[in-house]
Amino acid sequence: MRIRSNPVILLFGLITMITAFGQELPRTYKAPEFDLEWRKPTNHPDRIVLSYGEDPATSASATWRTSSEIDTAYAEIAIATAAPKFWRNAKTIKASTTTFDATNINEAEVLANYHSVWFTDLQSDTTYAYRVGDGKRWSEWIQFKTAPKEGKDKFSFLYVGDTQNFILELWSRLIRESYKKAPDAKFIVHAGDLVNNAHNEQQWQEWFDAGGWIHASIGAFPIPGNHEYRKLSPEATDRSLSLQWKHQFSLPENGPEGLKETAYYMDYQNMRIIGLDSNVDHEKQAKWVEKVLSETDKDWKIVTFHHPLFSASDGRDNKEWRELMKPIFDKYDVDLVLQGHDHSYARGRVSPNENVLDGVNMRDKTGAVYVVSVSGGKMYGLRKNAWEDYDAERDRAAENTQLFQVITVEDNKLSFESYTAVGELYDAFDLIKKEGSPNQFVERNKEAIAERRFSNTIPYQDPLPEGVEESLLSKYPGFEVSGVNFVNDKDFTGYRVRLDKGEERKELTLDVNGKILD
């Protein structure tokens, strides 16, 4: 059968490729559309996620989702062996089931059941296999390994900043590349903003689909970002934690009262890692984290939360949070702080046990190292004066770059490596711990690729026609172009441009030639 071309479609295609004043129009991105049914639960288990307890040598959790028709569910777990019928030694555990009724919540609009189990009394340093289901419909068998009970053996974990936007489209490549780089990673730190809209079912479905079986086999260590908080309705006065959060994550309940499963800690071998919720109850968490730090005898102390103490991007400064938490981290010799929120990359250090930088100390010894990173597709510009007005020194930075981090701990050495979404080493350093002395800092940037900025990467903003930016800035003196979005759809073809001058902002609409329309 001969297929005839539609001349109207062909003409539209030609129009979209013509040039304005001889310049080719920018290429427009066509975001995928998802059918409503795509994110709906079924009778088969989905959204399976593994996490660990306070002691990952002896406890782990599994959480999954089904339709509301499945009101009874189970998990089976056995020590994994090479024999295919290892399941003969399995134990069956009845799951705790909660109903998630968000049918009247905008962007959620779903009814589902979530099921969770805690695997306890596990043997340390042992590979287990588990599956989940209702006794008839089961998942595949999924393997994970418990931590050694004691010791300082080598282990690695992953850390990623904001996922948030273009989750299935762009974060999928990042999280899969991270698994290729560190397939033996024990868990993944998610430093907030896993989604853009807290209660949005489609975005949570994208997050689970992007990670797939990785979520089910490498323990998740998530903490909420500001985008995990949102009003339930336009009439609501307060923001609420994502309705899905406590249904779909089963996390250690060792945090402060009222913040269980959003602030918590885990001890993995000779490391204590603490997650904080930087959105709420700062004073309460400050008292709690000081207690948790003071009580541990672990060699390594790592803290993660969303809002950075030292901001990476322009127009941001979490001063109250910094002034509250930094003295505690200094007092208890926190080694590494992992953060998100700023949609760019920055890594730097503070002096050991003092507030004023010492050039000699900063060369070879250090206090806490602070990192801000981004793993999703939304990007911001770096702070223009770096960390000059902070009590810290920024050593490495990036714009317009999706990154993941592999952190490896072995006895008295911690190695930090940051990689791009295509597997290039972008940043690296080592910390060497010596008793009674600040950490020795070993810079490894010579191993990494050149620093990346908006100026030397594929443009993040759409380009304006030649001469248009200069014309706009002459018309609006003192302003800077802070955003350009080229639109090409059935309703409009042209540019949406944002100009900023301090706190003042102008939103402009331009035609394809750069002429202001409003």
Side-chain angles (χ1 to χ4, degrees), residues 159 191 270-274 276 278 282 285-286 289-290 292-294 296-305 307-313 316-342 344-373 382-398 405 407 409 412-418 427-446 448 451:
Y159 145 56
N270 60 332
M271 177 190 75
R272 172 162 287 187
I273 182 166
I274 304 167
L276 299 176
S278 56
H282 289 177
Q285 289 184 83
V289 76
E290 181 159 19
V292 169
L293 286 168
S294 68
T296 187
D297 60 356
K298 298 296 183 183
D299 296 332
W300 296 98
K301 301 173 191 136
I302 296 177
V303 184
T304 182
F305 45 82
H307 298 81
L309 294 199
F310 306 107
S311 294
S313 298
R316 292 165 177 253
D317 186 10
N318 305 301
K319 182 180 179 182
E320 177 266 335
W321 181 239
R322 178 173 65 255
E323 292 179 347
L324 182 64
M325 289 297 175
K326 183 180 179 296
I328 299 172
F329 298 165
D330 289 344
K331 179 179 179 180
Y332 293 99
D333 297 320
V334 167
D335 300 289
L336 184 62
V337 181
L338 309 175
Q339 306 149 111
H341 190 56
D342 282 355
S344 55
Y345 181 82
R347 183 263 293 175
R349 299 174 279 156
V350 299
S351 291
N353 303 315
E354 62 188 26
N355 290 324
V356 179
L357 292 180
D358 181 313
V360 175
N361 279 338
M362 285 299 293
R363 274 202 301 271
D364 28 8
K365 300 191 186 307
T366 187
V369 177
Y370 289 82
V371 184
V372 182
S373 191
L382 285 166
R383 203 167 181 264
K384 290 182 175 60
N385 60 344
W387 290 358
E388 289 174 10
D389 51 348
Y390 295 144
D391 291 330
E393 182 172 308
R394 194 183 79 185
D395 295 325
R396 183 75 165 167
Q405 288 68 224
I407 299 165
V409 178
N412 68 335
K413 180 180 178 181
L414 182 149
S415 295
F416 179 101
E417 295 176 337
S418 182
D427 188 21
F429 64 86
D430 294 336
L431 296 178
I432 310 297
K433 188 167 290 293
K434 296 185 178 180
E435 190 174 351
S437 174
N439 290 337
Q440 179 183 352
F441 183 86
V442 180
E443 180 66 78
R444 294 169 49 203
N445 270 344
K446 289 183 179 179
E451 287 205 339

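All values reported here derive from a predicted model rather than from experimental measurement.
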Student: For Asn445, give me all partners under side chain to side chain donor-acceptor pair (under 3.5 Å), at least two apart in sequence or on another chain.
Tutor: Glu443
Student: For residues Arg322 and Asp317, determine if any side-chain heavy atom of one lies less than 4.5 Å from a side-chain heavy atom of the other.
Tutor: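 The answer is yes; the side chains approach within 4.5 Å.
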Student: Going by the side chain to side chain contact (heavy atoms under 4.5 Å, CB included) test, name the single residue among Leu293, Val303, Val292 that passes it with Tyr332.
Tutor: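 In the set Leu293, Val303, Val292, the residue that makes a side chain to side chain contact (heavy atoms under 4.5 Å, CB included) with Tyr332 is Leu293.
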Student: Looking at Pro327 and Leu324, what are the two nearest heavy atoms and their distance?
Tutor: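 Smallest interatomic distance, heavy atoms only, reads CD-O, 3.8 Å.
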Student: Is there side-chain contact between Val372 and His341, with at least one heavy-atom pair below 4.5 Å?
Tutor: no
Student: Please check this pair: side chain of Asn439 against backbone of Leu431, looking for a donor-acceptor N/O pair closer than 3.5 Å.
Tutor: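 The answer is no, because no donor-acceptor pair under 3.5 Å joins these two groups.
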Student: When you look at Phe310 and Gln339, which way does the side-chain contact (heavy atoms from CB on, under 4.5 Å) test go after all the steps?
Tutor: CA-CA 10 Å; Phe310 306 107; Gln339 306 149 111; 5.7 Å; no
Student: Using every non-hydrogen atom in the two residues, find where Ala398 and Ser344 come nearest and quote the distance to one decimal.
Tutor: O-CB, 3.5 Å
Student: So do the side chains of Leu309 and Phe329 get within less than 4.5 Å of each other, counting heavy atoms only?
Tutor: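 In contact.
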Student: Using a 4.5 Å cut-off on heavy atoms from C-beta on, say whether the side chain of Leu382 contacts that of Arg394.
Tutor: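 A side-chain contact under 4.5 Å exists here.
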Student: Looking at Asp395 and Arg349, what are the two nearest heavy atoms and their distance?
Tutor: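 Looks like OD2-NE, 2.8 Å.
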Student: Report the distance from atom CG of Leu336 to atom CD of Gln405, rounding to the nearest 0.5 Å.
Tutor: 10.0 Å
Student: Mind checking whether Phe429 and Phe441 have parallel, tilted or perpendicular rings, split at 30° and 60°?
Tutor: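 Plane angle under 30°, so parallel.
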Student: Hey, what do you get for CG (Leu414) to CG (Asp299), rounding to the nearest 0.5 Å?
Tutor: 11.5 Å
Student: Any heavy-atom pair between the side chains of Ser415 and Arg444 that's under 4.5 Å?
Tutor: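 Yes, side chains in contact.
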Student: Is the gap between the ring centers of Trp321 and Phe305 under 6.0 Å?
Tutor: yes
Student: Indicate the atoms forming the closest heavy-atom contact of Tyr159 with Ala191, along with that distance.
Tutor: CE1-CB, 4.0 Å
Student: Please report the interatomic distance CH2(Trp300) to CG(Asn412), rounded to the nearest 0.5 Å.
Tutor: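 Trp300 atom CH2 to Asn412 atom CG measures 7.0 Å (nearest 0.5 Å).
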Student: To the closest 0.5 Å, what do you measure between CG (Asn318) and NE2 (His307)?
Tutor: 6.0 Å
Student: Is there a side-chain contact (heavy atoms from CB on, under 4.5 Å) between Asp335 and Lys433 once you walk through the steps?
Tutor: CA-CA 9 Å; Asp335 300 289; Lys433 188 167 290 293; 2.8 Å; yes
Student: Can you name the side chain to side chain donor-acceptor pair (under 3.5 Å) partners of Lys301, sequence neighbours left out?
Tutor: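 None.
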Student: Write down the atom of Ala346, the atom of Trp387, and the distance for their closest heavy-atom approach.
Tutor: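 Here Ala346 and Trp387 meet closest at CB-CZ2, 3.9 Å.
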Student: Which residues pass the side chain to side chain contact (heavy atoms under 4.5 Å, CB included) test with Asn385, not counting sequence neighbours?
Tutor: Arg383, Glu388, Asp389
Student: Measuring only between side-chain heavy atoms, which start at C-beta, is Tyr390 closer than 4.5 Å to Ser311?
Tutor: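 Yes, side chains in contact.
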Student: Using every non-hydrogen atom in the two residues, find where Ala428 and Glu417 come nearest and quote the distance to one decimal.
Tutor: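 Taking every non-hydrogen atom into account, CB-CG, 4.2 Å.
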Student: Could you measure the distance from the OG1 atom of Thr296 to the CZ atom of Arg272? Nearest 0.5 Å is fine.
Tutor: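 It is 4.0 Å, given to the nearest 0.5 Å.
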Student: If you round to the nearest 0.5 Å, how far is CZ of Phe416 from CG of Leu338?
Tutor: 7.0 Å
Student: Does a sphere of radius 6.0 Å around NZ in Lys298 hold more than 12 heavy atoms from other residues, nucleotides or ligands, not counting ones at 6.0 Å or beyond?
Tutor: yes
Student: State, yes or no, whether a side-chain contact exists between Tyr345 and Val371 at a heavy-atom distance under 4.5 Å.
Tutor: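 Yes - at least one pair of side-chain heavy atoms lies under 4.5 Å apart.
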